[in-house]
A.B. asks: 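The structure is given below, and queries will be raised subsequently.
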Amino acid sequence: MAAIYQAAYRRVSSLICRLHSTYVRKMRYLNELKEDDSLCRQAQTSGTFYLFHNLSPFLQKVGEKYFVPQLSAAEIKRILEKFKETEQWIEMSVLIGCSDEHVPRFALDLGALEKSVIESELKGSFTNLQKALFVVDGKDSPLLASAQSLLQWHNSHQYCSKTGQPTQRNVSGSKRVCHASGITYYPQMSPVIITLVSDGSRCLLARQPSFPQGMYSALSGFCDMGENVEEAVHREVAEEVGLEVESLWYSSSQHWPFPSSCLMIACHAIVRAQQAEISMNKLELEEARWFGLEEIVEGLKREPRSSKQDDGSFLPWFPPKQAIAHQLICEWVKQQTSQLA
Ligand SMILES: NC(=O)c1ccc[n+]([C@@H]2O[C@H](COP(=O)([O-])OP(=O)(O)OC[C@H]3O[C@@H](n4cnc5c(N)ncnc54)[C@H](O)[C@@H]3O)[C@@H](O)[C@H]2O)c1
Ligand SMILES: [Mg+2]
């Protein structure tokens, strides 16, 4: 019996090892592409491309499903020829990843070319990122979000903030340099905490005035300079709803492209049930209130479309599964249900 277990263990370990080495090799290759301009230039000729137009990704619709097509360098050249443009455009692409087989992936914004011509040529449409993220397959949305964020960062870092001189990018697009000052700029993300506050039996959700009607989410806020995650959670909860966090724990994180490249750091926090009276900051929030388990479970089932009632009011619904707020809410439901069992 022990021999069978040992053989199974060896098989699982060797499988893990093989998986691991695929991952390690892929990351090393990507790192080489980032650093080595000539290798990356060569990779552009064999890579695949995600297209954008003024930061809106190109999607194709088949039946009810949306796909994010990967175009070859030859297809990109064919489109550029239609516009009598040279293939030098390809150099404006940014590296966003590669397949397990080391086929590099790039994102390219053709915003300066006529949108409708590209759309009819490739039989699809450039779609606002806010919509695109929620209609494409779950595995594609992080890729679209990071590609768009990197393109957006290049758009807004064309000049050195010290000298005002133009900055030059490397081939992969992983950095920009000002040759006058010697300053190297790297793509930036802003750390944001998102916290689901609970008093043990209820959780606190809030609405910002900009949210779609009926939608409630967990509390969120940008980290201040010099602050750690714990301090940011304590401060944001105090600022936005006037409560003092007693304990907190990390859940997970997510890159979020709105308004521009946030690193969302998701936490659960506990406040004392005896000191759970909300004092809402009206400058930031429109509403903040406690929700019981049953109301949360019902809200998770509700579609935004079905939340409107006959009298014009809206029943609560929560962010979709692509948003980390959704994951925090589901985790809280799980904790509560296991406590009740
Ligand atoms: N993925 C999710 O589940 C999820 C859920 C909630 C919020 N979010 C994101 O978190 C972000 C921050 O949340 P919030 O609006 O509650 O933050 P917040 O409570 O800190 O308030 C926003 C305000 O903070 C100021 N601010 C400070 N630093 C900033 C910076 N680096 N960039 C922009 N503004 C800055 C601005 O005045 C801004 O209006 C939002 O942009 C939102 O898109 C994501
Ligand atoms: Mg906030």
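Note that ligands are numbered from 1 as they come in the structure, with each ligand's atoms numbered from 1 the same way.
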A.B. asks: Tell me: protein heavy atom nearest atom 43 (O) of ligand 1, and distance?
C.D. replies: Trp256 NE1, 3.1 Å
A.B. asks: Given the protein's heavy atoms, is any one of them under 4.0 Å from atom 39 (O) of ligand 1?
C.D. replies: no
A.B. asks: Do His268 and Thr195 have side-chain N/O donor and acceptor atoms under 3.5 Å apart?
C.D. replies: no
A.B. asks: In the protein, what heavy atom is nearest to atom 13 (O) of ligand 1, and what distance, to one decimal place, separates them?
C.D. replies: Ser220 OG, 3.1 Å
A.B. asks: Any idea which part of His326 is under 4.0 Å from ligand 1, heavy-atom wise: side chain, backbone, both or neither?
C.D. replies: neither
A.B. asks: With salt bridge (charged side-chain N to carboxylate O under 4.0 Å, His left out) as the criterion, how do Asp100 and Lys26 come out once you've worked through the C-alpha distance, each side chain's angles and the decisive distance to 0.1 Å?
C.D. replies: CA-CA 6 Å; Asp100 286 348; Lys26 181 169 143 177; 3.3 Å; yes
A.B. asks: Among all protein heavy atoms, pick out the one at the shortest distance from atom 21 (O) of ligand 1; state its residue, atom name and that distance to 0.1 Å.
C.D. replies: Glu284 OE1, 4.1 Å
A.B. asks: Does the distance from a Lys or Arg side-chain N to an Asp or Glu carboxylate O, for Glu298 and Lys301, drop under 4.0 Å?
C.D. replies: yes
A.B. asks: Tell me whether atom 23 (C) of ligand 1 lies less than 4.0 Å from at least one protein heavy-atom position.
C.D. replies: no
A.B. asks: Give the contacting part of Ile194 toward ligand 1: side chain, backbone, both or neither, where contact means a heavy-atom distance below 4.0 Å.
C.D. replies: side chain
A.B. asks: Taking the non-hydrogen atoms of Pro319, is any one of them nearer than 4.0 angstrom to ligand 1?
C.D. replies: no
A.B. asks: Are any of the N/O atoms on Ala218, whether in the backbone or the side chain, positioned under 3.5 angstrom from an N/O atom of ligand 1?
C.D. replies: no
A.B. asks: May I ask you to check whether over 12 heavy atoms, not counting those of Gln88, lie within 6.0 Å of atom CD?
C.D. replies: no
A.B. asks: Does a donor on one side chain and an acceptor on the other come within less than 3.5 Å for Glu331 and Gln327?
C.D. replies: yes
A.B. asks: Cut-off 3.5 Å, side chains only: do Tyr185 and Ser161 have a donor facing an acceptor?
C.D. replies: yes
A.B. asks: Using a 6.0 Å cut-off, check whether atom CD of Gln339 has over 12 heavy atoms from anything other than its own residue.
C.D. replies: yes
A.B. asks: Which atom pair, heavy atoms only, marks the closest approach of Glu227 to Ala232?
C.D. replies: OE1-CB, 3.4 Å
A.B. asks: Quick one: which of Arg78, Arg41, Lys77 gives a salt bridge (charged side-chain N to carboxylate O under 4.0 Å, His left out) with Glu87?
C.D. replies: Lys77
A.B. asks: Return the option from Gln188, Gln208, Glu239, Met225 holding the heavy atom at the smallest distance from atom 15 (O) of ligand 1.
C.D. replies: Gln208
A.B. asks: How about His157 and Thr167: does a side-chain donor come under 3.5 Å of a side-chain acceptor?
C.D. replies: no
A.B. asks: Should you measure from each heavy atom of Val192, which atoms of ligand 1 turn up under 4.0 Å away?
C.D. replies: 10 (O), 12 (C)
A.B. asks: Any idea which part of Ala323 is under 4.0 Å from ligand 1, heavy-atom wise: side chain, backbone, both or neither?
C.D. replies: both
A.B. asks: Would you call Glu236 a ligand 1 contact, heavy-atom distance under 4.0 Å?
C.D. replies: yes
A.B. asks: Salt-bridged, Arg289 to Glu295, with N to O below 4.0 Å?
C.D. replies: yes
A.B. asks: To check your reading of the model: name the closest protein heavy atom to atom 41 (O) of ligand 1, its residue, and the distance in Å.
C.D. replies: Pro259 CD, 2.9 Å
A.B. asks: Please identify which atoms of ligand 1 are closer than 4.0 Å to at least one heavy atom of Gln254.
C.D. replies: 1 (N)
A.B. asks: Ignoring hydrogens, tell whether any protein atom lies closer than 4.0 Å to atom 36 (C) of ligand 1; use the non-hydrogen atoms only.
C.D. replies: no
A.B. asks: Is the CD atom of Glu239 crowded by more than 12 outside heavy atoms at less than 6.0 Å?
C.D. replies: yes
A.B. asks: Which residue and non-hydrogen atom of the protein lie closest to atom 20 (O) of ligand 1, and at what distance in Å?
C.D. replies: Phe222 N, 3.0 Å
A.B. asks: Ligand 1 versus Ile324, non-hydrogen atoms closer than 4.0 Å: side chain, backbone, both, neither?
C.D. replies: both
A.B. asks: Using heavy-atom distances, let me know which of Glu240, Arg235, Met264 sits nearest atom 19 (O) of ligand 1.
C.D. replies: Glu240
A.B. asks: Looking from the Mg ion (ligand 2), what is the angle between OE2 on Glu240 and O on Ser220, to the nearest 10°?
C.D. replies: 90°
A.B. asks: Flag the pair Phe58 / Thr127 as yes when at least one side-chain heavy-atom distance between them is below 4.5 Å, and no otherwise.
C.D. replies: no
A.B. asks: Taking 2.8 Å as the cut-off, does an N/O/S atom of Glu284 lie below it from the Mg ion (ligand 2)?
C.D. replies: no
A.B. asks: Considering only protein heavy atoms, which is closest to atom 18 (P) of ligand 1, and at what distance to one decimal place?
C.D. replies: Gly221 CA, 3.6 Å
A.B. asks: Quick one: nearest non-hydrogen protein atom to atom 3 (O) of ligand 1, plus distance?
C.D. replies: Ala325 N, 3.0 Å
A.B. asks: If the test is side chain to side chain donor-acceptor pair (under 3.5 Å), which one of Arg207, Gln208, Glu287 qualifies with Tyr216?
C.D. replies: Glu287
